[in-house]
Amino acid sequence: MNRPSWFPFTVVLLLVLLSETACLAGQVFFVKDLGTFHASQREGLETPQDAVTALLEGPTEAEVSAGVSTAIAKGTKLLDMEVFENGVQINLSEEAGKQLDDQKSELIFLQFFWTMEPFGKEEKVKILVEGKPLSDYIQSVANTRNDKSGNAAAKIRTTAFASKAYIVLLTREGNPYAVERESIRSPQDALQALIAGPTPQEASLGLCTAFPSGTTILNLGVLQNGLHADFSKEILEGMDEVQVEWAFRQIYWTAAQFGLNESVRMSINGDDISKLLERRFSQESPSVDSLLEKTPLAGVGAGGIFRKRVMLSALGGYFWDGSDWRLQCAVVEGHEPSDFVGVRLAERVKVYLESEGTDLSVARDMHVRQRVEGISGKPRWQEASYIWLSQNGFPCIVYANSTGLCDTAQGATSRRNDDIRCAALAGQYDPNGATDITVLLSVQDLLGDPHVVEPAPRVATFYGAQSASGYDQGSMRSRLLADAIQRSLTSSMAGAGFQWASSVPSRGQGSFVGQVRISEQPSALVELSGSAADRIRDPFFQSCCAWAIYSGVCRYYGAVPRREMFSAEVVSHTFPETMIAGEARNAKVIYRNKSVLWDGEHGFALVAVDGSDPFAAPLHRIPKGVTVETEETYTWTMTIYAPEKPGDYLTDWQMHKEGLGAFGDIIRHEITVLPNTSGQTE
């Protein structure tokens, strides 16, 4: 099979942008058919060194029989390896340099690149062969292999975005597709090529661009970490808001190779394009063919999530079934109903999203700590969404969408169908203005084999589906939202030390996904499920899930979460400036939790930097049974003892989690120890 010259890199970038399953700790990456990467599960990979060793061992016999291989030459040994804060340097034996070409060198690099991602070391990956950079080593070999015309071999590309630049076009299925262009030497060249669109050969493969014919760039400003593209008015001809978002994503992805995608702005004669577009809602769904003609890509605009309007809700809760108040999900004796667990999860997501400055609306009461009685006689936060929406200014079409009963009186009619759809409709009919996206959360207990006490929790995301009458307006962007949240949950939870069974985002079918199927907005339903005995009720697990969902929303908008998953802020400490040799004192250290929940059960502690301190024991754990929620503070009280020898000493401290390591702000304080002239200490 003859492949275009840009095929290898296209496969690589598509892996980066479209991988349905994120890297998990415990995986190494091999090659399958020299066109895709294969994530191979391995036990006991606790460090980057473990993963590199497993990678050099190569695929198993079973994997080889299934077509899995490695670009790393057999017999390659790890000579040495340095691990940095955000990268690694790997020095391989001379076997790694045998029989290399452009494609194989790239595959070697990317096998290490993806294998390092779960450890957060993929930002700077440097591969050496016998102490010499891989690119130099291959170049010296390539120079000995001249072609028939005597020209030296082409320069070898050894990083994901080096040498040959690319632009990102769109497929008819709405996926980003990268193609290399030899003529690109600058961001300006890349943007011009992007607007010009595909070559005839690329068009024959079904590639296109969101930019209308005739569009020109009036001015391109390259900033330190972004760019501002000012276009001619032709860009608006025939464009709607969704297509502008696709165009933004094309620029965003293309700018990434130059490190200019942190801040991307599009304007027409200086005015932001988003301000020039009217929001268009149609009562008629566009046909599938018309969407394909516009190359639908689930995309979003620039600007992060600040001031984005988000509808958030947990599903479930008490509803009137025509004769009594019932919970919607199965209840397992001895455990808090999963209908309530979802509210606790949503409450945590709400904290993270609001910290980013989103305009957040909710479709269900989330005041878990309040015990206000609702119409069911239960706490209001335990009631279903249709009740809350009926009491907070939403129109009858939302909370009585099936029955048409615009009151919540207890009659002979079940309100279950009303509740299924109301959360999705709430975003469209919010009294404060339609929201931009809807994120719905569901927690389900898996009822089945009683011998399976604690199966791995599962996560699945669902999004609006194609109906018989056409294509719902939010479905393409819903897919991207679901994908972003799914990938974030899979990778982030693995980084927090949790393993679970996960599925790729699913196009929901049947009545189950009525929660998102009818929405005209980007909507995603996130479902966490597991046995009643497992960790889905663990507050720390919930907090990590909440952070991952928040991170997924940020990813959807092309933003980096301002809150890290593990972060701590120094509030104060009472370390003295001076002490007498041998003196004992009490000191306090106060940290604020800026991340997921801290507790004693999961090994959170205050530790001395580098594992020792001249004044105190190096480890001070949070006691079991104690929890520190996001934005709460915790105070450590410790006894410090001045060394017997006078001098200046440094005491330094940081937060630490077992299995993760140190994180957050560091306290560094110098204490002068004075001689004990009296011979006594307190």
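What you are looking at is a predicted structure, and each value in this text was computed from that prediction instead of being measured.
- Within a 6.0 Å sphere centred on CD of Glu46, other residues, nucleotides and ligands contribute 12 heavy atoms or fewer.
- Between Asp665 and Gln654, the closest side-chain pair of non-hydrogen atoms is not below 4.5 Å.
- Of the possible donor and acceptor atoms, none in the side chain of Gln428 sits under 3.5 Å from a partner among the backbone N and O of Ala434.
- Applying the side-chain hydrogen bond (donor to acceptor under 3.5 Å, both in side chains) rule to Glu354 yields the partners Lys350; only residues at least two apart in sequence or on another chain are considered.
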| request: Give the C-alpha distance, both sets of side-chain angles, the deciding distance and a yes or no for side chain to side chain contact (heavy atoms under 4.5 Å, CB included) between Thr115 and Val52. | output: CA-CA 8 Å; Thr115 299; Val52 169; 5.8 Å; no
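- Within the 4.5 Å cutoff, the side chain of Pro576 has heavy atoms near those of the Ile671 side chain.
- Summarising the geometry, atom CZ belonging to Phe319 is positioned 10.0 Å from atom CH2 belonging to Trp325; distances are rounded to the nearest 0.5 Å.
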Pairs of donor and acceptor atoms involving the side chains of residues 603-614, under 3.5 Å and at least two apart or interchain, shall be tabulated with distances.
residue : atom : partner : partner atom : Å
Asp613  : OD1  : Thr651  : OG1          : 2.7
Asp613  : OD2  : Phe615  : N            : 2.9
Asp613  : OD2  : Ala616  : N            : 3.3
Asp613  : OD2  : Thr651  : OG1          : 3.4

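- Ionic pairing of Arg364 and Glu347 is not present here: no N-O contact between side-chain nitrogen and carboxylate oxygen is shorter than 4.0 angstrom.
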| query | How far apart are the C-alpha atoms of Asp599 and Val626, what are their side-chain angles, what is the distance that settles it, and do they pass the side chain to side chain contact (heavy atoms under 4.5 Å, CB included) test? | reply | CA-CA 6 Å; Asp599 61 11; Val626 174; over 6 Å; no
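- Listed by chain and residue number, Arg326 satisfy the salt bridge (charged side-chain N to carboxylate O under 4.0 Å, His left out) test with Asp321 (two or more places apart in sequence, or in another chain).
- Minimum interatomic distance between Phe663 and Ser567 (heavy atoms only, all atoms of both residues): CD1-N, 3.5 Å.
- Proximity of a side-chain donor or acceptor of Thr47 to a complementary backbone N or O of Asp50 within less than 3.5 Å is detected.
- Contact between Leu597 and Pro539 at its shortest, heavy atoms only, is CD1-CB, 4.0 Å.
- If you take OG on Ser355 and CD1 on Ile305, they are separated by 7.5 Å, rounding to the nearest 0.5 Å.
- When every heavy atom of Ser543 is checked against every heavy atom of Tyr352, the shortest pair comes out as OG-OH, 3.4 Å.
- Contact annotation: the side chain of Glu336 approaches that of Arg344 to within less than 4.5 Å [non-hydrogen atoms, C-beta and beyond].
- For Thr639, the side-chain hydrogen bond (donor to acceptor under 3.5 Å, both in side chains) partners at least two apart in sequence or on another chain are Asn586.
- To the nearest 0.5 Å, atom CZ of residue Phe394 and atom CG of residue Leu389 are 5.0 Å apart.
- Taking 4.5 Å as the limit, every side-chain heavy atom of Leu440 sits out of range of all side-chain heavy atoms of Leu312.
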| query | Yes or no on side chain to side chain contact (heavy atoms under 4.5 Å, CB included) for Ile549 and Leu489, after CA distance, side-chain angles and deciding distance? | reply | CA-CA 6 Å; Ile549 292 167; Leu489 274 162; 4.1 Å; yes
| task | Please lay out, stage by stage, how Leu55 and Arg42 fare under the test side chain to side chain contact (heavy atoms under 4.5 Å, CB included). | result | CA-CA 10 Å; Leu55 184 59; Arg42 293 289 190 272; over 6 Å; no
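- The minimum heavy-atom distance between Leu345 and Ala546, with the atom names listed, is CD1-N, 3.8 Å.
- Going from atom CD of Glu629 over to atom OH of Tyr634 covers 14.5 Å, rounded to the nearest 0.5 Å.
- Under the rule for a salt bridge (charged side-chain N to carboxylate O under 4.0 Å, His left out), the partners of Asp359 that lie at least two apart in sequence or sit in another chain are Arg307.
- The two residues Ala363 and Met311 come nearest to each other via the heavy atoms N-SD, 3.7 Å.
- By the side-chain contact (heavy atoms from CB on, under 4.5 Å) test, Glu658 is found to be paired with Arg621, residues two or more places apart in sequence or in another chain being considered.
- By the 6.0 Å contact criterion, OH on Tyr649 is enclosed, its count of non-hydrogen atoms from other residues, nucleotides or ligands being greater than 12.
- With sequence neighbours left out, the ring-ring contact (aromatic ring centres under 6.0 Å, His included) criterion links His573 to Phe575, His669.
- A heavy-atom distance below 4.5 Å is not found between the side chains of Ser595 and Trp547.
- The side-chain contact (heavy atoms from CB on, under 4.5 Å) check on Val351 picks up Thr630, with sequence neighbours excluded.
- A donor-acceptor pair is defined here as one N or O able to donate and one able to accept, closer than 3.5 Å; no such pair exists between the side chain of Ser488 and the backbone of Ala484.
- In this structure, Trp598 and Thr627 have side chains that are not in contact, with every pair of non-hydrogen atoms separated by 4.5 Å or more.
- Sorted by first and then second residue, the side-chain hydrogen bond (donor to acceptor under 3.5 Å, both in side chains) pairs with a member in residues 373-382 read Asp365-Arg380, Ser376-Glu383; sequence neighbours excluded.
- Listed by first then second residue, pairs satisfying salt bridge (charged side-chain N to carboxylate O under 4.0 Å, His left out) with a partner in residues 559-572 read Glu356-Arg562, Arg563-Glu631, Glu569-Arg592, not counting sequence neighbours.
- For Trp388, there are no ring-ring contact (aromatic ring centres under 6.0 Å, His included) partners two or more places apart in sequence or in a different chain.
- In this structure, Phe340 and Tyr318 approach most closely via the heavy-atom pair CZ-CE1, 3.7 Å.
- If you take OG1 on Thr490 and CD on Gln486, they are separated by 4.5 Å, rounding to the nearest 0.5 Å.
- When side chains are defined from C-beta on, Val628 counts as touching Ile622, because their heavy atoms get closer than 4.5 Å.
- In this structure, the side chain of Ser572 does not engage the main chain of Ile590 through any donor-acceptor pair within 3.5 Å.
- For Arg416 and Asp419, the salt-bridge test fails: no basic side-chain N is under 4.0 Å from an acidic carboxylate O.
- Scanning for ring-ring contact (aromatic ring centres under 6.0 Å, His included) contacts around Tyr591 gives an empty result, with sequence neighbours left out.
- Residues Val362 and Ser313 form no side-chain contact, since every pair of their non-hydrogen atoms from C-beta on lies 4.5 Å or further apart.
- The residues Arg309 and Asp430 are annotated as salt-bridged, a charged nitrogen and a carboxylate oxygen being separated by less than 4.0 angstrom.
- Remark: Leu481 CG to Tyr557 OH distance equals 8.0 Å, nearest 0.5 Å.
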